[in-house]
Each structure stands twice: as structure tokens, then as C-alpha cells.
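In what follows, chains are A, B, ... by sequence order, proteins preceding strands, each numbered from 1.
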2 protein chains.
Amino acid sequence: MTEPRARRRARLNRDKVVQAAVDLADTDGIESLSMRKLGVALGIEAMSLYSHVANKGEVLDGMIDAVFGEIDAPSSRIKWKSAMRRRAISIRQVMARHPWAIGLMESRTAPGPATLRHHDTVIGMLRAAGFSIELAAHALSALDSYIYGFALQERNVPSVTGETARLAKLLLTQLSSDEYPHLAELTVKHVLQTGYDHGNEFEFGLDLILDGLERARHPD
Amino acid sequence: MTEPRARRRARLNRDKVVQAAVDLADTDGIESLSMRKLGVALGIEAMSLYSHVANKGEVLDGMIDAVFGEIDAPSSRIKWKSAMRRRAISIRQVMARHPWAIGLMESRTAPGPATLRHHDTVIGMLRAAGFSIELAAHALSALDSYIYGFALQERNVPSVTGETARLAKLLLTQLSSDEYPHLAELTVKHVLQTGYDHGNEFEFGLDLILDGLERARHPD
DNA sequence: ACCTGAACACCGTTCAAGT
DNA sequence: ACCTGAACACCGTTCAAGT
């Protein structure tokens, strides 16, 4: 038993550093991901990380690419609409697993191999389904904007589950119903209703776009 | 002339601190916005800021609310569809002026008065146009997801303007056209075409959603 | 009431030194 | 080739002290 408390994988490399960073961000949040804590998690001094990555930015780029690798590649064996629908739902699930990812995307500009592979597959599937280059670009832009934007907003809305959150929201609504009557009405009569599922909201907008794309592909 | 180099406004207060933070983020980027630099910009010691704000988070919340205050309130004197279209374009313009805002939204959860006022006005306009509560919620969720997601993606794509960026992109495409053929094709034959305007991409998706909402309001 | 300076507990990163 | 410890230039924030 020469092992200290932190399990040291056979040999450290870039991928293992990135995976440890993903785990740390999932557990403690991205704001507490530091090179020093990452070192501790790997049973290593923080400065040793620089043997495997050039800087923290490379870790962050790797994390984003790892997240893209988790997205289900759309199958070309089903209708394009079902495939794009499943892809959207898969992205939303992945973003729910890694809530820090959506915020990280904003600051990173160097797409990794998994990211490029994913987009290449999606474009290829749309082209095979008969989309023109222009329409494929429009479709990808519209769908991804919607999916990422929804994930971004979902992160900001405090979850309605849990009685305390519910009570807090009710109180807030009560206080502001004079100043913001329409917002108060929408909150009380819609968002706070038992059985309200934010996922329905996601699928409503998603189907709006998918139906619109179908119409654009087959102009009347 | 008792004034030192930094203009000191008559008396400092929360709003002036927030406005200085917005200016600093616009100029130098959000990543270099620190309490110390904010102090320098205001001709004050960093620690004096805590007389006006509780912490940096309050500054960030204020910045987001200031950005919402810049969005054109939708007029109730025109058709809902035109009003929502203009609102979307206004948000995109405001986000272009303050590119840091979209990334900040992700981490802030306390909406300020301008934010609440804006959303209340929009919901009120949709309700007046005959939208049910449910459909108004769906409409706002779909549109805002799309708008913010588009802004998020727009920030990640290096601008195609400028010959150097153009050449760099061409080279990149050349290198990866074997591995990512569809991505390469879309980039070369669409994105890099002269006259390509990313704004058209925005309006395509926007009109897709607006048309879909119109159909949802008047089911066939 | 507002501002200051010193201090604390953190950051990312460099560098010379070790094995 | 990989890891370490000390150091540098930064952070946000607290606190006792000044006016």
C-alpha cells in the first residue's frame, strides 16, 4: 500500500486531467474549479498539471469537447425530424448533467474533435435528407440557438420543485403583483400550477422549429 | 483644480458604480473587470466600493439589469408579430453592444426592476393580442431561448469580416475537409461566400418561430 | 456616512531545482 | 519526462482606523 489517499491512475495524461476537471465541476460547480483543487483531486501538485496541459484554457476547451462527446449522434436510419428531435433532447439531458457547460461555451472558441465530428454528422444527415446547404445551415443555426438558449434560461430559473422554493416564489409574487401584474398572473396561474413541467415548454418550441423547417423544405 | 486625474462625479452611488462597471466591461472585457480596476476607474480605492454595494455580485446583477433597461419596450400600438420581431432585433443589438451580458446572465439569478418591467410589458402585450396564459408563456420561452442562444453562438463564431480571418478559416477548412467533409462544404460554400450575412440566419429562425406562434394562435 | 491601508485567503502561472 | 516548492502578480473581501 504505497498509495496515498488520492487514487493515482497508472499514468496521468491530458484526457485524465480533463475528465477530473469535468467531475470536479459537476460536483462543486465551475466557479470552484481551480488548478490547485484539480491537482489535489488527482493527488498531485497544481504545478504538475502544466506537464500535461499548456494552461487552464486548454482544460476548459477539453471539458467542452468531452461534453459534446456525450451527445447522442443522430442516427441516419430514422426520419430527419425524429433524429433532430432526439438530438435536441439528448443535448438538453447532457446540459442538465453538466450545468456549467452552457456558460463555458460562451468563452471558448477552439472547437475540439468531438465537437467538429458531431456537427459534421448532423450536417451530413440533413444533406442526406435532402436539405440544401443553405437550409441545412439555417436549420442547424435555428435549432442550436434554441437548444442552447433554453438551457441557458433553465439554469437561471430556480427550480420549482421543493416546497420551500414554491413558498418563496409565492411570496415574491404576492409582493410584486401590483407592480408586475402580468408577470404575477403568468407565474401564479401557469408556472406554479401543480403538474407544470418545464420540459413541455422545451418541446413546444422545439416542435415549432421542426415543423417550420419541414415546411421550408417542402414549400407549399 | 483640486480634481485628480480621474473625474469624480459629484457623489458616488450604486447606479454610478454599476454604470462604470458596464463601461469597463464594454472596453476591456468582463474577464478584466475587478473591484480594484473599478475603483481606479472611479478615482477611488477598491475597498470604498463596499460603501455602495454589498459585493461584486450586486455589481453584476446591476449590470444585467442596466442591459435590460436598454432593450426597446415593445409598442402595443402595432401588431404583436411586428412588436415581437422588433423586440428580438433590439435584444440582439443590445447584446452586440455588451457582448459580456449573455455570459453573465447564466450566473445571475436575481432579476432587477428593469428586467421584471420588461417581461411584464411583453407578457401584457401578448395577452392584449389574445394569447392565452399558456401560449404567452410558450411564446416568451421559445423566442427568448432562440434570441439568447443565437447571441451565445454569435459570440463564439470568430467574425468572418477581415481578410486575415477569412484566410485563416480557409486554411482550417482545407486541413479538415477530409475528416469533416460536410462541415467543410457548408463553411466554404455558404459561410465564406461573399455577401454572407449572419443576420439573415437570425431572421430566418426568428420568422420560423413567429410564424409558428401565429399558427398556434389561430389553429386551422 | 464615506473612505483608507493592511491583511487574509485565495487565484493562474513561471522558473529553477530536483528525480 | 515528470514532478516539486518558492515566488510573482493578481483576485474578493474583512476589519480597524481615520475624516
Side-chain angles (χ1 to χ4, degrees), chain A residues 2-25 27-64 100 103-104 106-110, chain B residues 2-25 27-64 100 103-104 106-110:
Chain A
T2 65
E3 304 270 320
R5 66 205 179 306
R7 61 226 151 288
R8 48 185 48 169
R9 289 80 162 178
R11 188 56 98 75
L12 214 51
N13 58 34
R14 211 197 81 110
D15 281 356
K16 283 173 185 166
V17 169
V18 167
Q19 194 49 56
V22 168
D23 293 345
L24 207 57
T27 314
D28 298 350
I30 190 74
E31 69 284 348
S32 72
L33 171 67
S34 71
M35 296 299 268
R36 283 167 163 89
K37 285 186 191 162
L38 189 51
V40 171
L42 288 163
I44 226 179
E45 291 300 314
M47 299 73 198
S48 307
L49 292 168
Y50 290 86
S51 303
H52 304 102
V53 293
N55 47 40
K56 190 179 181 181
E58 197 177 310
V59 177
L60 298 177
D61 284 337
M63 292 169 75
I64 290 290
W100 43 266
L104 218 54
E106 170 262 346
S107 60
R108 306 279 93 206
T109 53
Chain B
T2 64
E3 303 270 320
R5 65 204 182 304
R7 62 225 150 289
R8 48 186 45 170
R9 289 82 163 178
R11 188 54 101 73
L12 214 51
N13 58 35
R14 211 196 81 110
D15 281 355
K16 283 174 185 165
V17 169
V18 168
Q19 194 51 55
V22 168
D23 293 344
L24 208 57
T27 313
D28 298 350
I30 190 76
E31 69 284 348
S32 71
L33 171 67
S34 71
M35 296 299 269
R36 284 168 163 91
K37 286 186 191 162
L38 190 50
V40 170
L42 287 163
I44 226 179
E45 291 300 314
M47 300 74 199
S48 307
L49 292 167
Y50 291 86
S51 301
H52 304 101
V53 294
N55 47 38
K56 191 179 180 182
E58 197 177 310
V59 176
L60 298 177
D61 284 337
M63 291 169 76
I64 289 291
W100 44 265
L104 218 56
E106 169 263 347
S107 59
R108 306 278 92 206
T109 53

For B:Y50 and D:dC11, what is the distance between atoms OH and P respectively, to the nearest whole Å?
-> 12 Å
Send over the distance from A:K56 NZ to C:dT14 P, rounded to a whole Å.
-> 14 Å
Atom CG of A:N55 and atom C1' of D:dA9: how far apart are they, to the nearest Å?
-> 17 Å
Whole Å only: how far is the NZ atom of A:K37 from the C1' atom of D:dC11?
-> 14 Å
Figure out the CG/C1' separation between B:L49 and D:dC11, and round it to whole Å.
-> 14 Å
Test log, rule side-chain hydrogen bond (donor to acceptor under 3.5 Å, both in side chains), inputs A:D23 and A:Q19 | CA-CA 6 Å; A:D23 293 345; A:Q19 194 49 56; 3.3 Å; yes
Nearest-0.5 Å distance, CD1 of residue B:I30 to CG of residue B:L33 | 5.0 Å
Any strand, both distances under 3.5 Å, Watson-Crick or G-U wobble: C:dG18 pairs with D:dC2
Length of the CZ-P vector between A:R36 and C:dC10, whole Å | 10 Å
Sort out the partner of D:dG12 for me: Watson-Crick or G-U wobble, both distances under 3.5 Å, none otherwise.
-> C:dC8
Any B:S48 side-chain N or O less than 4.0 Å from OP1/OP2 of C:dC2 = no
Is there a donor-acceptor pair closer than 3.5 Å between any side-chain N or O of A:N55 and the backbone N or O of A:E58?
-> yes
Minimum-distance nucleotide (side-chain atoms of A:M47 versus D:dT13, C:dC3, C:dT13) | C:dT13
Separation between NZ (A:K56) and CG (A:L38), nearest 0.5 Å, reads 9.0 Å
Scan A:L33 against the nucleic acid and name what it touches under 4.0 Å (heavy atoms): base, sugar-phosphate only, or nothing.
-> sugar-phosphate
DNA chain C nearest-nucleotide lookup for A:A54 and A:S32: closer to the 5′ end is A:S32
Does the side chain of A:H52 get closer than 4.0 angstrom to OP1 or OP2 of D:dA1 through an N or O atom?
-> no
Using a 4.0 Å heavy-atom cut-off across all strands, classify B:S51 as base, sugar-phosphate, or nothing.
-> base
Please give, in whole Å, the distance from C:dG12 P to A:E58 CD?
-> 15 Å
Can you tell me the distance, in whole Å, between the CG atom of B:L38 and the P atom of D:dT13?
-> 12 Å
Closest to the B:E45 side chain, choosing from C:dT13, C:dG5, D:dT4 | C:dG5
Under 3.5 Å: donor-acceptor pair, side chain of A:S32, backbone of A:D28 | yes
